[in-house]
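Here the structure comes first, spelled out in structure tokens, and everything after it is commentary.
None of the values given here were measured: they were computed from a predicted structure.
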Amino acid sequence: QVQLVESGGGSVQAGGSLRLSCAASGLTYSYSLYHVAWFRQAPGKEREGVAAIESDGSQTYAEFVKGRFTISRDNARTTLYLQMNSLKPEDTAMYYCAANRIRPTSGTWLETWSYKAWGQGTQVTVSS
């Protein structure tokens with residue numbers, strides 16, 4: 001059973017940066033074959049997709065993070081990253097990583113139902 005553990009969250013001022021990590025274990029297949037993504041959920045709001053990276057390295061970003069966030073993966077370390085720059089108060093949320101061996105269908109890279117394994121989340125708080 002795939003286990004995902006996020007880390008790197010914290011409190012920063014607007015304009016600051018954070019780098020989130022998501023370590024995977026219990027993999028049935030090589031990590032390089034998994035499609036992985038970051039999601040976030042603010043209090044009272046639905047979980048939303050932030051960025052995804054496919055097994056071939058292709059990336060998808062939500063419009064609200066384009067140019068500010070960068071998703072990357074280190075297959076040798078079985079770890080997913082999210083570099084977040086120019087943070088805004090509206091980026092405050094719990095951030096989750098997700099993974100699935102099955103390739104999401106076109107256009108669903110940032111949909112929650114495209115992923116089976118989920119981490120417990122790491123909190124990001126951005127103050128103005």
Donor-acceptor under 3.5 Å ([X] side chain, [Y] main chain):
X: Arg77; Y: Arg73; result: no
X: Ser21; Y: Tyr81; result: no
X: Asn100; Y: Ser114; result: yes
X: His35; Y: Ser55; result: yes

Closest non-hydrogen atom pair, [X] against [Y]:
X: Leu80; Y: Ala37; result: CD2-O, 3.7 Å
X: Ile53; Y: Ser72; result: CD1-CA, 4.2 Å
X: Arg68; Y: Asp91; result: NH1-OD2, 2.7 Å

Next on the checklist: Any donor-acceptor pair under 3.5 Å linking the side-chain atoms of Thr125 with those of Thr92?
Outcome noted: no
Item to check | No-hydrogen, no-angle side-chain donor-acceptor test under 3.5 Å, Asp74 and Thr79 | outcome: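 Asp74 vs Thr79: no donor-acceptor pair found between side chains.
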Item to check | Side chains of Val2 and Thr28 in contact at under 4.5 Å (non-hydrogen atoms) | outcome: no
Next on the checklist: Side chains of Arg40 and Glu48, heavy atoms from C-beta outward: is any pair under 4.5 Å?
Outcome noted: yes
Checklist entry - Checking ring-ring contact (aromatic ring centres under 6.0 Å, His included) against Phe39, which of Trp109, Tyr95, Tyr115 comes through? => result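 It is Tyr115, the one option of Trp109, Tyr95, Tyr115 that forms the ring-ring contact (aromatic ring centres under 6.0 Å, His included) with Phe39.
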Item to check | Flag if over 12 foreign heavy atoms under 6.0 Å of CD, Gln59 | outcome: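 Result for CD/Gln59: enclosed.
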Item to check | Cluster check Met94, Trp38: I/L/V/M/F/W/Y, side chain < 4.5 angstrom | outcome: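 No; Trp38 is not reachable from Met94 via cluster members.
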Checklist entry - Should Leu82 and Leu110 be counted in the same cluster of Ile, Leu, Val, Met, Phe, Trp and Tyr side chains packed under 4.5 Å apart? => result no
Checklist entry - Between Tyr31 and Tyr34, what is the ring plane arrangement, given parallel below 30°, perpendicular above 60°, and tilted in between? => result parallel
Next on the checklist: Nearest 0.5 Å, please: how far is SG in Cys22 from CD in Glu6?
Outcome noted: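 Nearest 0.5 Å value for the CD-SG distance: 5.0 Å.
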Next on the checklist: Using 0.5 Å steps for rounding, measure from the CH2 atom of Trp118 to the OG1 atom of Thr112.
Outcome noted: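 Going from CH2 on Trp118 over to OG1 on Thr112, the span is 5.5 Å.
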Item to check | Cation-pi check, Arg101 onto Tyr29 ring (under 6.0 Å, within 45° of axis) | outcome: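 Flagged: Arg101 positioned over aromatic ring of Tyr29.
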